[in-house]
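Below, chains carry the letters A, B, ... as their sequence lines are ordered, and counting in each starts from 1. Being a predicted model, the structure only gives us computed values, none of them experimental.
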Amino acid sequence: MASNFEPRIVVFACNWCSYAGMDLAGTSRMLYPANLRVVRLMCSGRLEPEHILYAFKAGADGVLVTGCHPGDCHYISGNYKTRKRIRLLEQLLAQFGLEKERLRLEWISASEGEIFTRVAKEFTEKIRALGPSSLKQEKMFAPLISARAAGGGGD
Amino acid sequence: MEKKDRVVTIQPITRLEGHGKISIFLDDKGDVEDAYYQVVEFRGFERFCQGRPVEELPLITPRICGVCPWAHHMASAKAVDAVYHVEPPPAGRKLRELAYNAFYVHDHGAVFYALSAPDFVVGPTAPRAERNVLGIMAKVGKELVKNILAARLEATRILETLGGRAVHPAMTVPGGVGKPITEEQRKELEQRAAKIVELGKLTLKIFDDVILKNKEYVDLIIGDIYLHKTYYMGLVDEKGKVNFYDGKLRVMAPDGKIVAEFNSSDYLNYIAEHVEPWSYLKFPYLKSVGWKGLRDGADSGVYRVGPLGRLNVSNGFATPLAQEAYEKFVSVLGKPAHATLGFHWARVIEIMAAAEAALELARDPEIASKEVRRVPTATPDEGVGVVEAPRGVLIHHYKTNSEGLVEKLNLIVATVNNNAGINLSVKKAAQSLIKNWQVNDGLLNMVEMAFRAYDPCLACGTHALLGQMPLEVNIYDSKKHLYRQIKRG
Amino acid sequence: MGKPRVAIVLGSTCAGCDYSLLDLGPTVLDVLANVELVYWPTGADFKLSDLESVPDGSVDLTLYEGAITNSDNEELAKLVRRKSKAVIAYGSCACFGGIPGLANVSIADDIMKTAYIGTWSTDNKRSILPQPLSKVDSKHLVLPVTYDTIRALDQVIPVEYYMPGCPPPLSYIEQALVAALSGKLPPPGHVFASERSLCDECKRTKEKKNLTAIKRFHEIIPDSQRCLLEQGILCMGPATRGGCKAPCVDNNIPCRGCMGPTPEALDQGAKMLSALASILALDQETGVSEDRLIPLIQQLKDPLGTFYRFGLPKSMFRRVIPRR
Amino acid sequence: MVEELKVGVYVCHCGVNIASVVNVKAVIEYASTLSNVEVAKDYPFMCSDPGQNMIIEDIKAKGLNRIVVASCSPRMHEPTFRRALERAGLNPYLLEMANIREHCSWVHEKQPQEATEKAKDLVAAAVAKVRMMKPLETVKMPAVKRALVIGGGVAGIRAALDIANSGFEVYLVEKKPSIGGNMARLDKTFPTLDCSQCILTPMMVEAAQHPNIKLLTYSEVQSIDGSVGNFTVKILKKPRYVNEALCTGCGICEQKCPYTVPSEFNLGLGKRKVIYFEFPQAVPLKPVLDRDNCVYFKKGTCRACEKFCPAKAIDYTQKPQEITIDVGAIILATGYGLYDVKTKMPEYRYGPSKNVVTGLELERLTSATGPTKGAILRPSDKKEPKNVTIVLCVGSRDEKHLDYCCRFGCVAGIKHAYYIISHIPDAKVTICYTDIRAFGKGYEDFYARIRSSDNVQFIRGRPMEILEDSNGSLYFDVFDQNTNRLMRLTPDLVVLETGVVPDPSFEQIATVLKCSRGPDGFALELHPKLRPTETSVDGVFIAGVVQGPKDIPDTVAQAGAAAASAIALLARGEVESVANVASVNQDLCSGCGVCEPVCPFTAIVLEARNGGRVAKVEATKCKGCGACAAACPSGAMTQLGFEGKQLIPQIEVLARAR
């Protein structure tokens, strides 16, 4: 039942901007849904598409990738790499048939606790509305044959 | 009075590239009431090639069959050329043809020595443990077999030089081939081609000595068990000679009349495919005659392709040694030759023809030209590519969007063309060989020989892959209770 | 010890792997002389009953060729597992699903309809599809069940070794057979291929990896000396195991990844995707705005079919999500 | 042999910050069920000495070899607990923190259940990762014991002197002919009203004469390469056309030069010669020949300066000179410029009307060395203004212009009111203000003193458009929010306390240094509170207004702080790499070369290896971003401490609902 469905959301954050922004949300006692779980990296540029696919495979209903605003990367250009990778990954995920809304890229600066809080709320609601990710349903991988159209049959 | 329903199943049908089974139904007298030759697997390249960039298909479709990957590589390449409206420059085309002829030797050679020969060299009713390459070795001696394998390796090397790999090549690109060859490579290819010409001669001689000089076999070949009067189809060049790579499709009626000759791109006006729920293989037939069920004769649309088909529809070969052998073939089997086992003979003649053609091309200095491809400029749309696969006519037909992404495709594969023919041959052989519960290993093998003649490549047929099941004769009562079982071996 | 007992069995395959064994030439005879072939239907007149009749665990080495696309394949896989001490996933299909694994972009029903109803030449007004069980004037004919999701061998049975390649390079077959003959098979999990990616053995010269555009290989005539990727042609070589000696790349045709992912990769496609995105417009990346980035990325026409050409069933997601 | 994993999990209450929301006991219980967890304990304040000691004791007593601390953000206390591990003889990088405060208890106050469940996940994820962690080491490299200070204002001078006095060499680079910066333009400094020159000049001279300071005036930084401890800097010294070695600074050339142009130093209010001293107290006291306006360079005649120079120091052939220096640390002190009121705020009529001046211009009009020799005369008719309006926050605290406060405009404005009434006893001054921000030491007294004067009135409001009547006198309306009255003012001089912006030269330097800037263009400090003098680039520090508007005391204080940071680095004499560097498994690397161009710090080189290539990481150059690891198509490259093998188990736990 979608009503009691609680989305699982994995967040990837860079240490310098977005993770700090999330810390700020905390120190400012801003409230957001408890559905998010953060993986801390030094730079969003470390994040591999492989990790995102893994998160979905492991059961994430949504993945939120965050990094410094363009121009602000602590390592100069990591976030530009991330942007290119995510945009290309989106093309691939579309072919895999995964709803594009399940993967989101946001720039969060160290001072944008409020923006993160807003994004966290929006994203959680978006995923809640989408329902559980089909990748969770083991039956998707079941080798069984789908019901055939009789199509005339034998006689 | 309940009618008993009994079935003999032969699975797997061994020594062919593919996956099929024969179900033979006995009536209550123990005679064959009906026999079905089923292809039991399926993949569906027609579906998963959709959405792929069309220039990738010559790299994907060869995986339909690991035995004749070059046939799919070339048919696909020609279809893609057509889609992009680009023609290879002379050197590009000749390199393709050189590779393709070398491939014929490579494929036919393997088929004859590893798959067909045992039936004759070792003997159709010999214990099956001996009916294999080792059995042949025992008969003709290890040295000869070694030489044959070594000679065939020359064809392998030619394919490796031109396609990178002998199995699943990466050679063609839209408008030609990926890479030119050097003059040094051409010389090397020429030497190798000369060696496969020798293999061609040797093979003709072996066929002569072992089979044609053996009355028992000749009777078997021309005898009624393996005879079918059907239509035939094949590619011929402007002189009406056999051409494996290109030409027009010619159709010959059972009485030898040429009833159609058309550009391969018009195939849809002449060929349609019938579907049966009990086989993964479709049944193509001539539209002009129509599908009349699994029957032979002039009023049934059933036609046959492959070595026999090619020799029947053509006026022979462009090269001397092959032409000479062709004439002997006609003198023995007539024209058109309806003897199914004639496939074997036609096959060894084609080894000769392919080897000779390969040598001619390898001697042509132009193949070392640097201009081997043209970059397409036109907007891609639709195209058909047809070649003679070793097992017969092979059609690739692609339609793309303006970006060259495949929207729809159609594949009519050699063995599929022969599907109805194979069914006819199997049923007829079974009926004449199995009588009054007489079902034994030797007889069943002779039933298998009926289709082994076609060398049906079921991998191609279903664009699907092999599988295995036990061979046994199961006799059921009408309630499907097994009350008798004959296991081979 | 006596001759090693070897079986070569065929699942869903084009037969190219074991057909390529003939390209060993005369060596084949030595192999045949030195091993006891328990089962090899392509080469000799074996029936499955022969394999069924040998004691469990009595086959020293089984080469399983092909993917698992139907119930027959699955039964056979389970049978050889029972009979064999060691099983090699032989060829890309057995290792990763191979080209037939591309069928995981769809489901069996859809694929059937496309092939038996949708094609131009098919005359099938009654929309007949092949059926697992069908009756032809009172006679019952059976076909195996085709699965919706194609699987690699080790997704059905445990596998000791892997020999990728479409077909596998013959040198590795020789390696494996020699090991079997000497009774010195490597530790389980061994992959008969290079540990490094194809670039290690690719002869092309490499300069700076900075792609200003992605080109399809029919669009340009590449410099045959320089790295194809650096010329904008997507080559899977960097993300693909070596061992094949790069015959395709040598012919100016980009690698499509048949040797499979490298040892550290969880997902061959994702690895290549990340590498490609990283070096795309590298020099202008700070300047390239979103709206200019997307068209640049969309020059890659078919990410899924390119990144997972031979390995969709072993990709992280294993298949495209079926539309329900 | 494989060591047996023994994980210790320590959950902090942080007083009530965590414990009042998260059920710590439940987390402990859950943690103790996780694989390899030897101990799971809680404590009110894990970061306190007793808390740390508890961990240290357990490590020693129970032989723990992996530690998880669930408390506040790792950005807060990771170093603390790493040191604790070190004290216990454990490699400090075998630690993983679970942020159950900022990311949990504080943001889920209203959902204790959910918060507790989340805390469990975060702990489990930390355990999953820490189990895969390996000991890490850092790499050391000698640092060049020399510093570069860019900008010769009061901040740069102070920083240079502090470094020099601690015994290290300093290059002080100033783009203008003289050091001194904006402070040299001021007449007096608030609130003490002591003469700006009197306190600045001694410092300037001390810097010029200091044996450890190499002064490079009239020079600009061209490029900066390398990294902390080993920067290579190219500096372009512009030609003065005066041989500094020969010149005695007698000034005859300036007297004899027949041509004059507007003086930059006096902001165009006065004139200077074509060969000139930037200002009388210029340091170094060497003239500059302004080539663009020099008749000799234009027409080839004149040469007056050359003729009269007793030292024969004039050298028309001087060429720009490129100087390359190696330094270990860099201090940016490029200071500020004024907001371009002329073009951006035409409503203030600055430019069109000569009687609208900036605060800095008023400083020159008041200065004894200024164009009017210290007599406050309005520029249009050189008359003493009797009715002066001073407008505060011009461009500042204005979302249409600069949304930040300039932090000295208010008190400067008050000081300027003092200038007027002290120079012109019968003058009336009106100050239009938004708020009066007189926060500094002694500022409030000073403000009160001026406010109590009968000649100064304060209006709370910003002027509407300043207009000029036919005979050039100014008038404008302003709404006084204190009295709620619309007032019309008719001043004969308007002084604008304009907003400040980073000096234009900073942008180029920030770019070559790759050091990040805030939205307003000022340098972005590494941490606004804890590391205010450091930048995103190791070994590059900031002093003064380059980091944000400041008054002189704050500027000098920060200059000292920046100098201290630089001194600390130089005194250490070596730089240490980060521990989380990239690392390549050369057995698996095929030398494809994807990683090399991806690295922004040129830390990856491709070495030849039997016919092929293989990647190598220069650890001291690597900053540990991991971009190369993510780009590597084979997985041969990874980032220590963030290896795929370590991240995947963590992701697994966080993605899978229990």
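- Among A:Gly45, A:Gly59, A:Ser111, the residue making the largest number of heavy-atom pairs under 4.5 Å with chain D is A:Gly45.
- Counting heavy-atom pairs under 4.5 Å between each of A:Glu48, A:Met22, A:Arg29 and chain D puts A:Arg29 at the top.
- Per-residue counts of heavy-atom pairs under 4.5 Å with chain D were compared for A:Pro49, A:Cys43, A:Ala58; the largest is that of A:Ala58.
- For D:Leu654, the parts lying near chain A are the backbone and the side chain together; criterion is any non-hydrogen pair under 4.5 Å.
- The two residues D:Ala627 and A:Arg85 make their nearest non-hydrogen contact at O-NH2, 3.2 Å.
- When each of A:Ser44, A:Ala110, A:Pro33 is checked for heavy-atom pairs under 4.5 Å with chain D, A:Pro33 comes out on top.
- Checked by atom type and distance alone, the side chain of A:Lys81 never pairs as donor or acceptor with a backbone atom of D:Cys628 at under 3.5 Å.
- Proximity to chain A (any heavy atom under 4.5 Å) is shown, for D:Val578, by neither the backbone nor the side chain.
- Heavy atoms only, all atoms of each residue included: A:Tyr19 and D:Ser73 are closest at CE2-OG, 3.5 Å.
- With respect to chain A, the highest number of heavy-atom pairs below 4.5 Å among D:Gln111, D:His103, D:Gln639, D:Gln650 belongs to D:His103.
- Among the candidates A:Asp23, A:Leu31, A:Val10, the residue making the largest number of heavy-atom pairs closer than 4.5 Å to chain D is A:Asp23.
- Side-chain contact between A:Tyr32 and D:His108: present, with at least one pair of heavy atoms (C-beta onward) separated by less than 4.5 Å.
- You'll find the side chain of D:Leu647 stays beyond 4.5 Å of the side chain of A:Leu47, heavy atoms only.
- Proximity to chain A is absent for every atom of D:Ala125, based on heavy atoms less than 4.5 angstrom apart.
- For a residue to count as touching a neighbouring chain, one of its non-hydrogen atoms must lie under 4.5 Å from one of that chain's; by this rule D:Gln646 does not touch chain A.
- Counting heavy-atom pairs closer than 4.5 Å to chain D, the top residue among A:Asp61, A:Asn15, A:Thr82 is A:Asn15.
- A pairwise comparison of heavy atoms in A:Gly26 and D:Val107 identifies CA-CG1, 3.7 Å as the closest pair.
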